[in-house]
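One structure below.
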Number of protein chains: 2
Amino acid sequence: MTDRRAKTRTDGPGTESPATSGSATSGPATSGLARVAKHTFRSRIADSLRDAILGGDIEPGSQLVETALAEQFGVSRGPLREAIRQLIEEGILKTVPYTGTYVIDISVGDVDEIYSIRRNLETFAFEQVWDRRDAAFRGELQRRHDALTATIDAGDDKASILAELSFHGAVYEATGHSFLLHIWAGLRGRLQLYWAAHHRAHGLRGPRRDGHDAYLRLALGGDLEAMRREIDSHMRRGAEQTKAFLDGRERRPARRA
Amino acid sequence: MTDRRAKTRTDGPGTESPATSGSATSGPATSGLARVAKHTFRSRIADSLRDAILGGDIEPGSQLVETALAEQFGVSRGPLREAIRQLIEEGILKTVPYTGTYVIDISVGDVDEIYSIRRNLETFAFEQVWDRRDAAFRGELQRRHDALTATIDAGDDKASILAELSFHGAVYEATGHSFLLHIWAGLRGRLQLYWAAHHRAHGLRGPRRDGHDAYLRLALGGDLEAMRREIDSHMRRGAEQTKAFLDGRERRPARRA
DNA sequence: CCGTCGTCGATTGTCAACAATCGACGACGT
DNA sequence: ACGTCGTCGATTGTTGACAATCGACGACGG
């Protein structure tokens, strides 16, 4: 169906060299020909299903039926099950043997975990990058911040979620730290899930047009300690905001440990 | 002939697979009755295959053939492929469509990444736990340190690897931070892979009988800043040691980008 | 009226066969 | 002798059918 999907997801550690424009690896000059995107059903199903879940098209906590999904995707259950297994390991699906597969349910306890670990890792990322912030990095950060502001001005909430994640992701990518990128992919998925649910429930996540101005200024500045404090407060605000939203929908109490 | 129930195949290397995972976390009051261990082939294959890889029974970089593995495990390729997909997402296998599935190859670049992120996360874990270190935590840490020393004295290198990982894992478990535990599982796998390769190549990883004495003393003490410094130096030493080993076996240069 | 148990539909788990693709070997032409 | 191309074996990708298990509904007996 939907071909040519921009594969923005950096999968496991050791895939390819991201942001660095290098490609100066020894050997034959890469003649500019893009690799021809091996089309295997499994990978496309995984991408498509992940987008549907993280984008909020499938309610958190709802059950996925293999036969129905397989027919919907137009494939057999084999590749579908492998895609499901992949998403389970990514942490956005859960399965109970012989019973069912469910989209993970979001809880306030998870929010604290996600934001606390995110504060730690984002600080770590800035420490790694701090003395290597070149013009390319600064330009990229500025560009993504502009894109974020543009989507907010346009009122496109769904795009603003992706833009904000892209903005924060810039630092992780700049580190060139593949394992860190792998962890960030997991964090990003959770955040996207929370925010999408928030958006679906309230319509808006909040104004926050200038929510990243200080963040950007300090990220481009020279005071690492101030940047640490900004990350700290930024995460604290984010966690409070997300938890407030989740507390408001206490329809279903803690159903999972 | 359709009766595959009777097959009592040797479930791969070692039957101690369900050892380390279960009883650590504080679950609901287990009323004495152990859960009946849903036996699904997929999960057992995944555990068994992971143990074989991380334990060093399968050479890093070698290819896994589905048909051969399936026959060896006595199951069909379906469950096997799902287990493989799971291990791929865990980061210890790689696959090239229509070509092959390979155990990840270890490289010196990865070691720097693993130890740098591990230093950061282990510090984070101690910060989280520091003011909540009760008698149970101290006892558990002491107990695991004793176990580690015992395995070293016994000359059981394979067990000492697991004991050291268990010792360090105590802090992560004490945080009760599920996402942090998830990340630690990935780190632990990599470390186990490195150390197993080291052991297979050199026979020993080094003396280090007192390598964790200072670590334990500070972890039980009252100076968090000193603990931070100890983690820092501990990781630095570990990274240097592992990298030195990997540099020594430069038989096969970078075979992949 | 209530508790217990058997039955049934739904869903996941597993299997064996078939198709698509890749890498290498060897024949062929120049 | 060398490069090129077709063929073949090996391996993974995909499929549809069959078996095992779970949860719920309803019959039955108290």
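Chain naming here is simple, since letters A, B, ... match the order of the sequence lines and numbering starts at 1 in each. We use all heavy atoms of the structure for the numbers below, so side chains are in, but hydrogens, waters and symmetry mates are not. Since this is a predicted model, take the numbers as computed values, not measurements.
Checking C/dG26 for Watson-Crick or G-U wobble geometry (two distances, each under 3.5 Å) identifies D/dC5 as its partner.
Residue B/E66 contributes atom CD, which lies 14 Å from atom P of C/dC15 at whole-angstrom precision. Put simply, CG on A/L80 is 16 Å from P on D/dG13, counting in whole angstrom units. Protein atom CD of B/Q63 is 15 Å distant from nucleotide atom P of C/dC22, rounded to whole Å.
Within a 6.0 Å radius of CD in A/E71, other residues, nucleotides and ligands contribute 12 heavy atoms or fewer.
Here B/D112 pairs with B/K243 under the salt bridge (charged side-chain N to carboxylate O under 4.0 Å, His left out) rule; sequence neighbours left out.
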Between protein and nucleotides 14-18 of chain D, what N or O pairs are separated by less than 3.5 Å?
from	atom 1	to	atom 2	distance (Å)
D/dT14	OP1	A/F41	N	2.6
D/dT15	OP2	A/S76	N	2.8

Worked verdict on A/E173 versus A/R144 for salt bridge (Lys or Arg N to Asp or Glu O under 4.0 Å): CA-CA 13 Å; A/E173 296 170 14; A/R144 299 194 187 188; 3.0 Å; yes
Run the numbers on B/E113 and A/S178 for side chain to side chain donor-acceptor pair (under 3.5 Å), then give the verdict. CA-CA 8 Å; B/E113 288 193 355; A/S178 62; 2.6 Å; yes
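Residue whose closest nucleotide on DNA chain D sits further toward the 5' end, between B/T67 and A/T99: B/T67.
The aromatic rings of A/H182 and A/F179 are tilted relative to each other, their planes meeting at an angle between 30° and 60°.
Residue B/L64 is classed as a sugar-phosphate contact, given heavy-atom separations below 4.0 Å to backbone atoms only.
Taking a cutoff of 4.0 Å between a charged side-chain nitrogen and a carboxylate oxygen, A/E82 and A/R85 do not qualify as a salt bridge.
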